[in-house]
Each structure stands twice: as C-alpha cells, then as structure tokens.
Amino acid sequence: MRDFLYEHGDYFVDDYGDAELCDVTWKLETIPAADFHTMPTGQSEAGLIEHFAENPVYWAARKLPEVGRHWEEHGTWLRPPILIDRHLLEPSNSGLQVVEGRTRVGVLCGRRREGLYVAPHHRAWVGRP
C-alpha cells in the first residue's frame with residue numbers, strides 16, 4: 001500500500017480521503033468484462049478511462065512489449081487493477097469504481113468496442129465493506 005500511495009497519493013486523497021479504509025476488505029475477484037464498460041473512476045480522474053478507450057491498441061503497446069502481447073493472446077491485463085465498492089464512498093451508490101488501473105480498464109473497454117479479442121472475465125482487486 002505504501003508504494004501505491006507514493007505513486008497515487010494526491011488523487012487518492014482527493015477521491016478517497018473520506019473512505020474508512022480500515023473497514024475495507026480487499027480480495028482478488030473475477031469480474032465480467034461487461035461490468036467494466038460503465039465503471040467510473042474518481043472525480044479527479046473523470047474521463048480518463050474514456051480517453052484510453054479511444055485508442056486501446058496504442059495504449060497497450062505504449063507499455064512494455066509483453067503487455068501488448070498479453071492483451072492479444074489472453075484478452076486481459078497482466079496486473080489486476082484496484083476497484084472499490086461505491087457504497088463505501090457514498091451509501092446510496094452501488095457497483096464498483098476504478099481506484100487504480102484506468103489505462104487497463106480503458107484498453108479493455110476500447111478493445112471490446114472495436115471488436116478486438118477480450119476475455120469474458122478479468123481479475124481485479126476489489127475493496128468491499
């Protein structure tokens with residue numbers, strides 16, 4: 001968590017500073033690809049997933065070469081993103097929100113939209129109450 005906060009601390013505090021992280025249980029889960037299509041991210045990064053989705057092949061290839069190959073061969077990411085139950089952020093909310101991994105989720109959404117190979121399910125770290 002320390003490395004995550006070092007790299008993402010500013011926006012994390014802005015978007016999730018009010019969440020009681022001590023009450024969150026993190027678990028690696030399998031999520032249907034379709035669920036990512038409308039999954040938001042925090043307000044400070046609003047629109048970023050859609051930006052990456054506009055050119056998914058470019059964004060996957062911009063990373064390490066094995067990242068692009070993994071998308072082509074397996075239709076998913078190498079490293080699971082971090083999601084959070086939106087109920088933890090606002091009791092009236094439901095569904096999941098992308099905390100970390102906006103590029104990966106954008107690539108997934110863009111590949112799906114463009115008819116490129118996407119696995120039907122994807123692994124993600126999910127924080128729930």
Side-chain angles (χ1 to χ4, degrees):
M1 186 59 121
R2 184 188 79 223
D3 292 339
F4 173 79
L5 288 175
Y6 177 78
E7 185 176 341
H8 304 287
D10 292 341
Y11 87 81
F12 186 84
V13 171
D14 291 344
D15 291 340
Y16 307 102
D18 294 334
E20 285 295 331
L21 295 180
C22 294
D23 297 337
V24 178
T25 301
W26 299 95
K27 182 179 169 190
L28 192 58
E29 296 184 15
T30 301
I31 310 291
D35 288 6
F36 289 95
H37 183 65
T38 57
M39 196 176 291
T41 191
Q43 274 303 114
S44 68
E45 301 287 344
L48 199 53
I49 291 172
E50 294 80 6
H51 170 74
F52 294 128
E54 290 174 7
N55 196 344
V57 174
Y58 168 79
W59 288 108
R62 191 158 191 262
K63 302 291 182 176
L64 299 171
E66 59 264 23
V67 171
R69 277 194 306 274
H70 195 80
W71 275 106
E72 294 300 320
E73 294 171 9
H74 302 283
T76 192
W77 38 67
L78 282 167
R79 186 172 48 114
I82 300 172
L83 314 177
I84 196 164
D85 186 321
R86 296 183 73 220
H87 182 77
L88 288 163
L89 308 174
E90 176 63 46
S92 62
N93 286 345
S94 62
L96 298 173
Q97 180 167 311
V98 180
V99 173
E100 187 277 332
R102 293 168 305 285
T103 304
R104 282 165 272 165
V105 172
V107 167
L108 168 72
C109 293
R111 288 180 64 86
R112 195 163 183 254
R113 185 194 69 242
E114 291 184 6
L116 300 172
Y117 175 58
V118 171
H121 294 87
H122 305 268
R123 302 289 278 168
W125 286 102
V126 180
R128 297 193 187 272

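Every heavy atom of this structure was used, including side-chain atoms; hydrogens, water molecules and symmetry mates were not. No experiment lies behind these values; they were computed from the predicted model shown.
Smallest separation of non-hydrogen atoms from P56 and E54: CD-C, 3.7 Å. In terms of heavy atoms, M39 sits closest to L83 at SD-CD2, 3.7 Å. Across every non-hydrogen atom of T76 and A119, the tightest pair is CB-CB, 4.5 Å. In plain terms, the two heavy atoms of R123 and T30 that are nearest each other are NH1-OG1, 2.8 Å. The minimum heavy-atom distance between V118 and R112, with the atom names listed, is CG2-N, 3.6 Å. When all heavy atoms of A124 and I31 are compared, the closest pair comes out as CB-CG1, 4.2 Å.
The pair E72-R111 meets the salt-bridge criterion, with a side-chain N (NZ, NE, NH1 or NH2) lying under 4.0 Å from an Asp/Glu carboxylate O.
Aromatic ring pairs are classed by plane angle as parallel below 30°, tilted from 30° to 60° and perpendicular above 60°; the pair W59 and F52 is perpendicular. Aromatic ring pairs are classed by plane angle as parallel below 30°, tilted from 30° to 60° and perpendicular above 60°; the pair F36 and W77 is perpendicular.
Note: the hydrophobic cluster containing Y58 also contains L78 (ILVMFWY, side chain heavy atoms under 4.5 Å, direct or indirect links). V57 is not connected to V67 by any chain of hydrophobic side-chain contacts under 4.5 Å among Ile, Leu, Val, Met, Phe, Trp and Tyr, and they are in different clusters. The same ILVMFWY cluster, assembled from side-chain heavy atoms under 4.5 Å apart, contains both I84 and I82. By the rule that hydrophobic residues join a cluster once side-chain heavy atoms approach within less than 4.5 Å of another member, L89 and W125 end up as members of one cluster. One hydrophobic cluster, built from ILVMFWY side chains closer than 4.5 Å, cannot hold both Y117 and V107; they sit in different ones.
Heavy-atom neighbours of R113 CZ from other residues, nucleotides or ligands within 6.0 Å: above the threshold of 12. Counting non-hydrogen atoms of other residues, nucleotides and ligands closer than 6.0 Å to NE2 of H37 gives a total of 12 or fewer.
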Before you tell me yes or no, could you show the steps for E100 and R79 under side-chain contact (heavy atoms from CB on, under 4.5 Å), namely the whole-Å CA-CA distance, both residues' side-chain angles and the distance that decides it to 0.1 Å? CA-CA 11 Å; E100 187 277 332; R79 186 172 48 114; 3.9 Å; yes
Set out, in order, the CA-CA distance, both residues' side-chain angles and the distance that settles side-chain contact (heavy atoms from CB on, under 4.5 Å) for R128 and L96, then state yes or no. CA-CA 9 Å; R128 297 193 187 272; L96 298 173; 3.8 Å; yes
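Note that the CD atom of Q43 and the CD atom of Q97 stand 8.5 Å from one another [nearest 0.5 Å]. To the nearest 0.5 Å, atoms OG1 (T41) and CZ (R102) are separated by 5.0 Å. Between the CG atom in N93 and the CG atom in D85 there is a gap of 9.5 Å [rounded to 0.5 Å].
When side chains are defined from C-beta on, V126 does not count as touching K27, because their heavy atoms never get closer than 4.5 Å.
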